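Below you'll find the structure, written out as structure tokens, and then a few comments.
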Amino acid sequence: MGRILKAAVLSVLLAAGWPQGRGFAASTYRACSLLTTAEVEAALRGRVTGSNERDAVVSTGPYRGETISGCTWIVGSAYLSVSVVRRKPAGEPEQAAAVRTLRRALDDLRRKRWTIAPADVAGAECHVAQPPARDRRVGPVVACFMERRGFAFGLYAVRTRLAAEQVKALGDLVAGRLP
């Protein structure tokens, strides 16, 4: 559970602050190859109108120096993102820091009146976040974090009606395609 929380923190922070500039044709972990366009279209029930693959080098914390690869697919006003990083074993200080960071991020959303609910999905750490009624243009967001084959990764479905189980099923497809 601690490693999943660390992956969750890393994925949430990088997804929230990810630069939206130019992507790279072939990223380190080729995140856009981890799901097919057909799989994304079937899940989001629409046509993919664009995608963006990118890499970032983690500059702080226990993942410092590691490359995180991500891909975002756009379907109408909704999108699906996946972020992948090689998993590093965590010691107690790193794990405690990751838990604190995740709690701060969730508390920040709660202060903004978001409703955050854990989803009981076997094999993944999933949360469903609903924006406040006054700000429905933003969400909802379903995020699932998983570890498989030496990697930590997160999937984010934004402005969709996907259930956490559906996002986790996409994560299972990702897991099967990791190097």
Side-chain angles (χ1 to χ4, degrees), residues 1-16 18 29 31-46 48 51 63 68-90 94-96 98-110 112-132 136 138-179:
M1 180 66 110
R3 289 186 298 210
I4 289 177
L5 285 175
K6 183 166 60 173
V9 170
L10 180 64
S11 298
V12 166
L13 295 177
L14 288 172
W18 205 290
Y29 301 120
C32 285
S33 71
L34 298 174
L35 291 171
T36 68
T37 299
E39 290 164 342
V40 174
E41 289 177 345
L44 297 181
R45 296 183 201 103
V48 170
S51 64
Y63 281 88
I68 185 166
S69 296
C71 184
T72 299
W73 295 268
I74 301 165
V75 176
S77 65
Y79 63 90
L80 179 74
S81 291
V82 63
S83 299
V84 179
V85 67
R86 185 173 306 284
R87 186 182 71 195
K88 281 188 165 183
E94 291 89 356
Q95 184 174 338
V99 170
R100 283 192 306 274
T101 303
L102 178 60
R103 286 185 182 148
R104 278 194 305 265
L106 293 176
D107 287 344
D108 185 46
L109 287 176
R110 285 185 185 103
K112 294 176 182 175
R113 307 255 187 245
W114 280 66
T115 303
I116 312 290
D120 187 16
V121 178
E125 178 77 20
C126 297
H127 287 82
V128 178
Q130 292 284 347
R136 290 290 181 202
V138 176
V141 176
V142 178
C144 290
F145 309 100
M146 303 168 71
E147 291 182 326
R148 302 283 195 296
R149 302 174 72 172
F151 290 90
F153 56 98
L155 289 96
Y156 315 90
V158 180
R159 290 189 217 120
T160 74
R161 300 241 183 251
L162 291 181
E165 293 80 8
Q166 292 170 294
V167 175
K168 194 270 187 180
L170 291 169
D172 289 337
L173 294 173
V174 167
R177 296 177 181 143
L178 289 169

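Here the structure is a predicted model, which is why all the values come from computation and not from measurement.
Rounding to the nearest 0.5 angstrom, the gap separating the CG atom in L170 from the CG atom in L34 is 11.5 Å. Rounded to the nearest 0.5 Å, atoms SG (C144) and NZ (K168) are 9.0 Å apart. Atom CE of M146 and atom SG of C126 lie 7.5 Å apart (nearest 0.5 Å).
Residues in residues 148-179 take part in no disulfide (SG to SG under 2.5 Å) pair, two or more places apart or across chains.
Looking at heavy atoms from C-beta onward, V75 lies out of side-chain contact with L80 at the 4.5 angstrom threshold.
Between A129 and W114 the shortest heavy-atom distance is CB-CE3, 3.6 Å.
Under the side-chain hydrogen bond (donor to acceptor under 3.5 Å, both in side chains) criterion, S81 pairs with T72, not counting sequence neighbours.
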Pair Y29-F151, ring-ring contact (aromatic ring centres under 6.0 Å, His included): steps then yes or no | CA-CA 10 Å; Y29 301 120; F151 290 90; 5.1 Å; yes
Go through the steps for D172 and R148 under the test side chain to side chain contact (heavy atoms under 4.5 Å, CB included), then give the verdict.
-> CA-CA 9 Å; D172 289 337; R148 302 283 195 296; 3.7 Å; yes
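Residue-environment remark: CZ (R110) exceeds the threshold of 12 foreign heavy atoms within 6.0 Å. Around the CZ atom of R177, the shell of radius 6.0 Å holds more than 12 heavy atoms that belong to other residues, nucleotides or ligands.
Side-chain atoms of R149 come within 3.5 Å of backbone N or O of L178 as a donor-acceptor pair. Formation of a donor-acceptor pair under 3.5 Å by the E125 side chain with backbone atoms of F145 is not found in this model.
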